[in-house]
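Proteins get letters first, then strands, A, B, ... in listed order; numbering begins at 1 in each.
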Amino acid sequence: MAIDLILYLLLLLSISLYGIVSYKKLTIPFKALAITILWISLSEIAARVLARTIHNSSPTYHILCIFLYAGFTVTYSQLLTGARLKKGLLLSIIPFTILCIVNIIFFQSFFSFPSNTIVISYLLFVVYSLILFMQMLNAPKEVNIFKQGIFWFNIAMLVYSIITPLCFGVSNYLHVHKLYANLLNDFIEYFCFVYYATLGYAIYLDKNRYKMTLVPA
Amino acid sequence: MNLTKNDTDIYLILGSAILLLTGLTGFIIYFLVLYRKKQVLHLIEREKQALQFHQEMLNTQIEIQEQTMQTIGTDLHDNIGQLLSLTSLTLNSINITNDVKAQAKIESAIGLTLKSIKELRQLGKLLQGDQLIAMGLVEAIRHEVEWIERSGKYQVHYSNEGEFPAEWNKDKDLVIFRILQETLNNIIRHSSASQIDIKLSYLDNVVLLNISDNGVGFDATTNPAVKHGMGLHNIHKRAAIIGGELAINSSPDQGTTITIIVPYP
């Protein structure tokens, strides 16, 4: 197993472990985030196992996609204010799950990578994160923004949700034209590192939220 | 130079990627700048509010002191002044040749002097001002009620319900007490009431002060005093600065009920 893959899994497991250990001290949205990251870690391990045994890890991603959407949507629903918006977000999990099933049946089978549903979920995350940014602007906190877990979580989600579909597109192009894709694969790998590290940092900040100092005017 | 379809595609992808990343970076920088601006505005606003709150608290304190001074002035003139005048008249009218009558008048003068001393002591308590609030809202109101009753013009019924928290909120106590004073002033000046009911209750972290009278009342929906009258305007403002709410229920010849609800402590 490549060293970078081991490091990647170790990072995911450490964040998951940190999330579980500090679970009680986290706010509700970050509790949902900690559970989501734990699920991602387990799925990534399962994906590697499947890749080694049946040489196809796609089934894991079909299931992960649903849980990923549900986990992040619950996180957003807890972070966003407005009863109707919260309810709408939570209800959206149902049609999304149906969409995933339809995708498996008609478009991308259980053994193909579910890029359709993943791209759709990322597009929705972009919308959610923009709404959250707007909410943050309307009700600024007195804590330094770089010490706010909500900021790092949202920025990670926005950047990742925009860059990943772009990477899918480029990767697809390179694959179709049988071009050298190692550079892109490395980029995706390091990008995932940064993404999960940022989410971990967001959890860390949320846990230590009481120690934050106020910003001077 | 002829571009193949492959070249066009790769340029299109690269162009889109650069555009997207530039837009994303721009958005993040713009957000951070805007957030900082809003944060500063929010802090300034909060400081303004805090300053306004302190100013209002100071005004409240001054008003309570003024009210106290006014009560003392009235009492000195109407009560102690009268007692001392009567004492002086009694002492002046003593005829020392008539021992029996002189003795009776001296005893009467002593009685009047003792009564004056008692009244002065009562007045002294009122001068303590802030200490009145320090005794707690329940006691402070009881003290205020005693002064109203002394005039003999009003039948005042005061009751309190619920167990107040061990820790008092001095700022809120001060404002609630001032609201009570202002309301009682309004009753004395405008209502022609003979009966006043004051009920102070504490339930589920909320203080509820209910003051009602059997006076002339007014049309709460049309009377401009409700909106513009200095007293009521002040009461509204004061209730708001401590996060409270005010309800006025009144109609002509039906008396007036004022209810103040304040989250407490």
Side-chain angles (χ1 to χ4, degrees), chain A residues 122-123 125-127 129-148 150-181 183-184 187-188 191 195 198 212-217, chain B residues 1-58 167 169 171 204-205 240-243 245 263 265:
Chain A
Y122 287 162
L123 287 175
F125 292 150
V126 170
V127 176
S129 84
L130 289 175
I131 296 171
L132 186 58
F133 273 130
M134 207 162 75
Q135 184 185 295
M136 284 171 77
L137 280 178
N138 288 333
K141 285 182 183 171
E142 285 166 35
V143 179
N144 184 340
I145 192 157
F146 297 113
K147 302 268 181 189
Q148 290 181 35
I150 185 174
F151 169 73
W152 288 111
F153 162 73
N154 208 26
I155 209 90
M157 288 302 289
L158 180 73
V159 175
Y160 190 78
S161 304
I162 286 177
I163 304 280
T164 308
L166 191 72
C167 289
F168 280 178
V170 178
S171 170
N172 194 40
Y173 174 86
L174 296 174
H175 180 73
V176 167
H177 293 89
K178 295 182 175 61
L179 292 169
Y180 183 71
L183 196 70
L184 182 73
F187 171 76
I188 293 171
F191 185 59
Y195 168 63
T198 312
M212 301 304 161
T213 48
L214 301 181
V215 285
Chain B
M1 193 175 80
N2 290 330
L3 289 175
T4 63
K5 193 180 177 301
N6 276 2
D7 291 336
T8 321
D9 283 352
I10 199 77
Y11 285 132
L12 202 70
I13 289 169
L14 275 174
S16 314
I18 290 166
L19 205 72
L20 209 63
L21 291 176
T22 315
L24 192 62
T25 316
F27 170 79
I28 293 167
I29 294 168
Y30 178 68
F31 172 79
L32 288 172
V33 173
L34 206 64
Y35 190 85
R36 178 67 191 148
K37 264 188 190 173
K38 292 245 178 183
Q39 218 172 23
V40 171
L41 281 175
H42 170 76
L43 285 169
I44 292 169
E45 187 62 32
R46 205 177 61 96
E47 273 177 23
K48 259 189 201 170
Q49 278 175 354
L51 205 71
Q52 205 179 345
F53 179 79
H54 287 303
Q55 188 61 48
E56 282 296 335
M57 292 313 296
L58 203 69
E167 199 139 309
N169 183 324
D171 286 344
D204 297 332
N205 297 321
I241 65 161
I242 52 168
E245 279 175 34

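For chain A, the nearby part of B:Ile13 is the side chain; its heavy atoms alone come within less than 4.5 Å. Contact annotation for A:Ile162: both backbone and side-chain heavy atoms come within less than 4.5 Å of a heavy atom of chain B. In this structure, chain A has a heavy atom under 4.5 Å from the side chain of B:Leu21, while its backbone stays farther away. Within the 4.5 angstrom heavy-atom criterion, atoms from both the backbone and the side chain of A:Leu137 approach chain B.
The number of heavy atoms from other shown groups lying within 6.0 Å of CG (B:Asp204) does not exceed 12.
Judged by distance alone, with hydrogens and angles left aside, the side-chain atoms of A:Glu142 form no donor-acceptor pair with the main-chain N or O of B:Gln39 at under 3.5 Å. Remark: side-chain polar atoms of B:Tyr35 are not paired, donor with acceptor, to backbone N or O of A:Phe133 under 3.5 angstrom.
Listed in order of number, the residues of residues 23-33 of chain B that approach chain A to under 4.5 Å between heavy atoms are B:Leu24, B:Phe27, B:Ile28, B:Phe31, B:Leu32.
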